[in-house]
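Position 1 is the first residue of the sequence; numbering continues from there.
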Amino acid sequence: MIDHPVFFVRNVADYVPLMEDFRRLSMGNIFSKSATGLKFLFSPDYKHRILRKTGAKRPDSPLAIRYWSTTPSKLGPLAMKFSVRPDLTGVRPAARLDSKDKLRLAMSEHLMLHEARFDFLVQIQIDPVAMPVEDPTVPWDETASPYIKVASIRIPVQSFESKDQMAFGENLSFTPWHSLLDHRPLGGINRTRKEVYAAIAARRHELNGVPMREPEDK
């Protein structure tokens, strides 16, 4: 999930040139970096407009903001999008920190004092045309199909910054396809993510010199 209700590309055909722009922005010469930077700042293209809206957010804590799946998943015979909304009842707001690690430090401060709570929400597709599966840049109308709370997420009070815990987190693999068959991801973006996330995880584990394996219960 991300902290914006829609995804920033419609399909894989639009995804590839956008990733090329990111590559030029990080690895190009001064001219290509400048031209690409101006495109990100001023282009009217829908991809860059959505990215500007998404990137303009400056949250103080990952535990105090709402998230959206942006892409749909199955809900048995139906399709759904899902979202999580923080429950901040009784929680002191995170201090504003001037640090490159401010989000991790804000989570650490929060979880030293309070558990983190989120409402897990589901929005059901009721119109396959107005609520498309294959275009995640289209928001599904919440008036026609409001989000419904179906569960609560609780993250207990804890410390997570020991050397072993940080290494454990670094070597986890994440994919939206780690799901039940009845809840599997839908749409072309998700079909692409299935392959891309696996390749990224394999490469990261290779560079870290550790095997890929599932966490074990202890």
Side-chain angles (χ1 to χ4, degrees), residues 1-9 50-51 53-76 78-97 101-126 131-133 135-161 165 168-169 172-187 189-190 193-194 196-197 200-201 214-215:
M1 289 182 283
I2 63 173
D3 62 342
H4 197 67
V6 296
F7 201 58
F8 50 86
V9 289
I50 295 175
L51 278 174
K53 288 182 180 179
T54 306
K57 299 178 181 181
R58 294 291 184 269
D60 293 321
S61 170
L63 301 177
I65 56 176
R66 184 170 174 179
Y67 299 90
W68 291 264
S69 65
T70 72
T71 55
S73 299
K74 281 176 64 68
L75 183 62
L78 307 174
M80 68 170 175
K81 289 186 178 182
F82 52 89
S83 175
V84 294
R85 179 178 58 206
D87 176 359
L88 301 174
T89 306
V91 175
R92 185 180 68 192
R96 291 180 178 271
L97 302 172
D101 298 318
K102 70 173 188 175
L103 298 180
R104 175 172 60 81
L105 295 173
M107 286 197 295
S108 178
E109 177 188 316
H110 183 129
L111 292 173
M112 280 193 295
L113 301 172
H114 313 278
E115 69 178 8
R117 300 183 300 271
F118 290 88
D119 297 331
F120 186 83
L121 314 168
V122 165
Q123 183 186 30
I124 298 172
Q125 183 199 53
I126 61 171
M131 300 176 170
V133 163
D135 186 351
T137 67
V138 176
W140 289 5
D141 185 354
E142 293 187 43
T143 302
S145 179
Y147 277 94
I148 302 167
K149 180 181 176 180
V150 296
S152 297
I153 299 172
R154 296 176 61 197
I155 304 172
V157 172
Q158 61 186 282
S159 172
F160 60 84
E161 295 179 289
Q165 287 171 310
F168 176 78
L172 288 174
S173 298
F174 297 91
T175 172
W177 287 84
H178 192 185
S179 64
L180 299 174
L181 185 62
D182 273 352
H183 299 157
R184 67 176 176 83
L186 297 172
I189 291 294
N190 277 322
R193 291 165 84 187
K194 184 177 184 180
V196 171
Y197 280 39
I200 290 172
E214 291 291 319

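By the side chain to side chain contact (heavy atoms under 4.5 Å, CB included) test, V6 is found to be paired with H4, I50, P139, residues two or more places apart in sequence or in another chain being considered. With sequence neighbours left out, R184 forms a side chain to side chain donor-acceptor pair (under 3.5 Å) with no residue at all.
Between N190 and P176 there is a side-chain heavy-atom pair separated by less than 4.5 Å. At least one side-chain heavy atom of M131 sits under 4.5 Å from a side-chain heavy atom of S145. By the 4.5 Å heavy-atom criterion applied to side chains, F7 and I189 are counted as neighbours. By the 4.5 Å heavy-atom criterion applied to side chains, S83 and Q123 are not counted as neighbours. P62 is listed as a side-chain neighbour of Y67, based on a closest heavy-atom distance under 4.5 Å. Looking at Q125 and W140, their side chains come closer than 4.5 Å, going by heavy atoms from C-beta outward. Contact annotation: the side chain of L63 never approaches that of V91 to less than 4.5 Å [non-hydrogen atoms, C-beta and beyond].
A distance of 11.0 Å separates CG in L75 from CG in L180, rounded to the nearest 0.5 Å. Taken from CD1 in I148 to CE in M80, the straight-line distance is 12.0 Å, to the nearest 0.5 Å. Taking OG from S173 and NE2 from H178, the interatomic distance works out to 10.5 Å, rounded to the nearest 0.5 Å. Note: I65 CD1 to D3 CG = 4.5 Å, rounded to the nearest 0.5 Å.
Considering every non-hydrogen atom in both P72 and K81, the closest pair reads CA-CG, 4.0 Å. Residue A79 comes nearest to L186 through the heavy atom pair CB-CD1, 3.9 Å, listed as atom of the first residue, atom of the second, then distance. In terms of heavy-atom proximity, W177 sits nearest to P185 at CH2-O, 3.7 Å. Across T143 and D141, no two heavy atoms sit closer than the pair N-OD1, 2.8 Å.
Looking at S69, its side chain does come within 3.5 Å of a backbone N or O of F82 through a donor-acceptor pair. The closest donor-acceptor contact from the side chain of K74 to the backbone of D182 lies at 3.5 Å or more, if one exists at all.
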Would you list the atom pairs, donor with acceptor, under 3.5 Å between side chains in residues 103-121 and any protein atom, with sequence neighbours excluded?
residue	atom	partner	partner atom	Å
R104	NH1	E161	OE2	2.3
R104	NH2	D101	OD2	3.4
S108	OG	E161	OE1	2.7
H110	NE2	E115	O	3.3
E115	OE1	R154	NE	3.2
E115	OE1	R154	NH2	2.9
E115	OE2	R154	NE	3.3
R117	NH2	T89	O	2.7
D119	OD1	K149	NZ	3.0
D119	OD2	R85	NH2	3.4

